Amino acid sequence: MAGGGAGAHLPGSRRESVATIGRRCGLPDPAHFSRVFHRRFGVSPHEFRNQ
């Protein structure tokens, strides 16, 4: 499945938008990427970035 790592460990991910990271993971819809990320890690991409 695309987005298996959900972008959590992509280099430069602190500088890039959620949409850009999602596209790099094969999930072009930012809302879908956020849902997949939340299911996998239990927090939103924004919350993860601020940890």
Side-chain angles (χ1 to χ4, degrees):
M1 174 182 156
H9 303 293
L10 285 177
S13 60
R14 288 198 174 269
R15 298 186 300 273
E16 295 178 315
S17 70
V18 169
T20 299
I21 296 167
R23 282 192 299 275
R24 289 178 63 194
C25 292
L27 300 167
D29 177 19
H32 182 64
F33 171 75
S34 291
R35 284 190 301 273
V36 169
F37 190 98
H38 192 276
R39 266 187 245 130
R40 171 117 172 131
F41 297 102
V43 294
S44 72
H46 179 76
E47 292 168 324
F48 186 89
R49 183 178 280 178
N50 289 331
Q51 290 180 353

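What you see is a predicted model; the values in this text were computed from it and never measured.
In this structure, NE2 on His38 lies 12.5 Å from NE2 on His46, to the nearest 0.5 angstrom. Taking CZ of Arg35 as the reference point, atom CG of Leu27 lies at 10.0 Å (rounded to 0.5 Å).
Under the side chain to side chain contact (heavy atoms under 4.5 Å, CB included) rule, Pro45 has a single partner from Pro30, Ser17, Ser34, which is Ser34.
Closest approach of Glu16 and Thr20 over heavy atoms only: OE2-CG2, 3.8 Å. When every heavy atom of Cys25 is checked against every heavy atom of Phe33, the shortest pair comes out as SG-CE1, 4.2 Å.
Taking the six-membered ring where tryptophan is involved, the planes of Phe41 and Phe48 are tilted, since the angle between them lies from 30° to 60°.
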